[in-house]
> 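So that we are looking at the same thing, I have put the structure below in structure tokens.
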Amino acid sequence: MGTFYLTTAIDYANGDPHLGHAFEKIGADVIARYHRMRGDDVHFLMGMDEHGQKVAQSAGERGITPQELADAIAGSFQRMWQRLGISYDQFIRTTSEAHKTGVRALIERMFERNADDFYEREYEGWYCVGCELFKRENEIVDGRCALHPTRTLEWTVERNWFFRLTRYQRFVEELFRRQPDFLRPESRRNEILALLASGLEDISITRSRLTWAIPFPRPASTGEPQGTWVWFDALPNYLTATGYPHPGYERLWPADLHVIGKDITRLHCVIWPAMLESAGLPLPKRVWAHGFVYLGGERFSKSSGVRLDLEEAIGRFGADAFRYFLMREVPFDTDGSFSWERFEQRYTAELANGLGNLASRTIAMIEKYCGGRVPGGSLSGDATALLTDTLTRYDAAFEEGRLHDGLAAVWKTVDFANELVDRRAPWRLARDPEQRAALEGTLHELAVVVALQARLVSPYMPDRAVALWEQLGAPGAPSGPAKGVPDPTDWLVSKGASLFPRIDPLNKVASR
């Protein structure tokens, strides 16, 4: 199909991964795995944003250097992504020399092409260390940043380099007019359109006296060195990861999709396009801004103290069940909530009693009545119509960024197949030799449905999908490039361990 370059926001190196991080990375991983299943050559980028005042402050509080802090936190994030089965192809760190070289090259290119985009000015305003941004009046609530209400805003007066963002007002407006799908979902697009309607402002892109930063290529007129503003350092990671400025970076650039949180859409959909246009470089094709995950009505974040132990959540029913719950429960185009009660309900009803029970019964009956070999047969009209519709809805869910709808489409087939077992009662058909054809037809149909389910859930639950695929005796892998409905005729099934064990009522975890 072609190369598909997918990125997530790089995570800030001042704390451990939390549920908000996990939600974004799992969602992006589902997208990456879906595109691989379609046959695309996927390059999936993630990483760490390791410079800035916040990192320096956190390191000082711990009595270590900023680099030591960045190294420790990067390791913590990478271990968590491995635990969750995140299949990234590249992990970029903004403290790497290759990234620093790329950032400096990008800024120099902007100077060479559009020197008037930069000017010096003394600036004063309220600065949020949590956002690493100067805040507008409408972004301040009761004297604090709306996104980081526990942090005290700092009144900052500096002489800095500025980027003439106002020059790109019409360019960004035209971008949104010409490419209405550049930013999705529609609610996020409308927010940026409202921002544009209120008018852009030039932005300070350096910080004086900030040593934990990439040195800005041009000193101030006073001779004072300037550190590059963390976002002018972080946003280019998507470009520097391709090898820019070295030849060959065009193989990946421009990115096909940036997956980010809704709180940083202005940076990715206004400032980043303006930087690239200033440099004369292509823009990313699309940006997807997901919503937040809440607990008890509050957003998960380090600064607010609203946290959920990821290890505890994963340990409850396993990494794949956790991935499933987040993607099923929380829409990827809006906000949603996490609760232990809903987690247990979905695990029990949809995984243990739904897909897990269906797979177990199907494989057990094929072993018992057909010697373990899936019989040949054809699908009923109802099954054919349902599976065709399922594939259509599944692909549409990914095209529309509604990952939860992909799972909803699959679970209609789970309900259909479980009802089919109850209605046709293969154990009764097996007692009557004259019903042998009906028995084999039923078991063939069930095997087809379960095989398709294994394939379609593989982006969401890669480990459990492989386990089910192997129990079905299927060739290759469920995530392998394939189209249409699989034909499992003559596969040799072998019932293995329970895919989704029942919950132990004493300690509320899955018994394995």
Side-chain angles (χ1 to χ4, degrees), residues 8-9 11-12 14-31 77 80-81 83-84 86 128 130-131 133 135 138-142 144-151 183-192 259-268 287-317 319 321-350 397 400-408 460 508:
T8 67
D11 299 310
Y12 207 56
N14 76 317
D16 292 326
H18 57 62
L19 187 61
H21 297 125
F23 177 64
E24 175 174 295
K25 273 53 182 183
I26 292 170
D29 185 60
V30 170
I31 294 170
F77 272 79
M80 179 53 67
W81 303 150
R83 181 96 161 84
L84 284 171
I86 308 300
C128 174
C131 294
L133 286 168
K135 308 303 291 189
N138 63 0
E139 297 172 318
I140 299 173
V141 178
D142 297 329
R144 294 179 181 271
C145 170
L147 293 176
H148 296 90
T150 63
R151 288 185 176 271
L183 170 61
R184 299 176 68 187
E186 186 70 16
S187 57
R188 305 283 87 84
R189 180 176 183 272
N190 291 337
E191 290 170 359
I192 296 299
V259 175
I260 61 167
K262 67 177 184 178
D263 54 331
I264 52 177
T265 50
R266 175 169 70 97
L267 294 148
H268 284 79
V287 178
W288 183 271
H290 62 79
F292 294 151
V293 184
Y294 293 94
L295 177 66
E298 295 187 80
R299 177 190 170 196
F300 286 89
S301 74
K302 177 178 182 290
S303 59
S304 67
V306 180
R307 300 183 62 80
L308 176 107
D309 186 279
L310 282 179
E311 284 293 347
E312 180 184 3
I314 296 167
R316 184 66 61 100
F317 307 124
F322 178 65
R323 287 171 60 109
Y324 172 83
F325 175 74
L326 284 183
M327 293 296 98
R328 184 84 153 106
E329 182 76 8
V330 183
F332 210 54
D333 59 342
T334 185
D335 299 333
S337 297
F338 178 95
S339 76
W340 291 110
E341 293 78 13
R342 287 292 293 162
F343 191 8
E344 182 177 326
Q345 288 168 7
R346 284 205 182 273
Y347 178 84
T348 300
E350 298 173 7
E400 296 166 6
R402 295 175 56 84
L403 306 184
H404 56 294
D405 284 348
L407 286 174
Y460 298 89
K508 293 293 185 179

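Numbering of residues begins at 1 and proceeds along the displayed sequence.
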> Restricting to non-hydrogen atoms, name the atom on Ala289 and the atom on Thr265 that form the minimum distance, rounded to 0.1 Å.
CB-CG2, 3.3 Å

> Atom NE2 of His21 and atom CD1 of Ile86: how far apart are they, to the nearest 0.5 Å?
13.0 Å

> Just to verify, what does Phe322 make a ring-ring contact (aromatic ring centres under 6.0 Å, His included) with, not counting sequence neighbours?
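Phe322: no ring-ring contact (aromatic ring centres under 6.0 Å, His included) contacts found.
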
> Rounded to the nearest 0.5 Å, what separates atom CD1 in Ile260 from atom CG in Leu183?
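Those atoms lie 7.0 Å apart.
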
> List in chain and number order the residues that pass side-chain hydrogen bond (donor to acceptor under 3.5 Å, both in side chains) with Asp309, two or more places apart in sequence or in another chain; answer none if no residue qualifies.
none

> Considering residues at least two apart in sequence or located in another chain, which fulfil the side chain to side chain contact (heavy atoms under 4.5 Å, CB included) criterion with Glu191?
Arg188

> Just so I know, are the side chains of Met80 and Ile314 near enough to count as touching, which here means a heavy-atom distance under 4.5 Å?
yes

> Under 4.5 Å between any side-chain heavy atoms of Phe292 and Asp263, yes or no?
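When only atoms from C-beta onward are counted, Asp263 and Phe292 do touch, with a gap below 4.5 Å.
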
> Please round to the nearest 0.5 Å and tell me the distance separating atom CG of Leu308 and atom CZ of Phe338.
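Between atom CG of Leu308 and atom CZ of Phe338 there are 5.0 Å.
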
> For Gln345, enumerate each residue passing the side-chain hydrogen bond (donor to acceptor under 3.5 Å, both in side chains) test, keeping only those at least two apart in sequence or located in another chain.
Arg342

> Does any part of the side chain of Leu310, heavy atoms only, come nearer than 4.5 Å to the side chain of Arg83, both counted from C-beta?
no

> Backbone N or O of Phe332 within a donor-acceptor pair of the Trp288 side chain at under 3.5 Å?
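Indeed, once roles are kept as given, a pair shorter than 3.5 Å links the two residues.
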
> Going from CZ on Phe325 to CD1 on Ile26, what distance comes out if it is rounded to the nearest 0.5 angstrom?
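Phe325 atom CZ to Ile26 atom CD1 measures 11.5 Å (nearest 0.5 Å).
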
> Nearest 0.5 Å, what's the CG-OH distance between Leu407 and Tyr324?
5.5 Å

> Are Glu344 and Arg316 ion-paired here, with the side-chain N under 4.0 Å from a carboxylate O?
no

> Roughly how far, to the nearest 0.5 Å, is CG of Leu295 from NE2 of His18?
12.5 Å

> Any idea which heavy atoms bring Ala313 and Phe343 closest together, and the distance?
O-CE2, 3.5 Å

> side-chain hydrogen bond (donor to acceptor under 3.5 Å, both in side chains) with Tyr460: which residues, sequence neighbours excluded?
none

> Measure up the Phe317 and Tyr347 rings against each other and bin them: parallel (under 30°), tilted (30 to 60°), perpendicular (over 60°).
parallel

> Looking at every non-hydrogen atom in both residues, tell me the closest pair between Leu84 and Ala22 and how far apart they are.
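What the structure gives for the nearest pair is CD1-CB, 4.0 Å.
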
> List in chain and number order the residues that pass side chain to side chain contact (heavy atoms under 4.5 Å, CB included) with His404, two or more places apart in sequence or in another chain; answer none if no residue qualifies.
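Once residues adjacent in sequence are excluded, the partners of His404 under the side chain to side chain contact (heavy atoms under 4.5 Å, CB included) criterion are Pro331, Asp333, Arg402.
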
> Please check this pair: side chain of His290 against backbone of Lys262, looking for a donor-acceptor N/O pair closer than 3.5 Å.
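The answer is no, because no donor-acceptor pair under 3.5 Å joins these two groups.
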
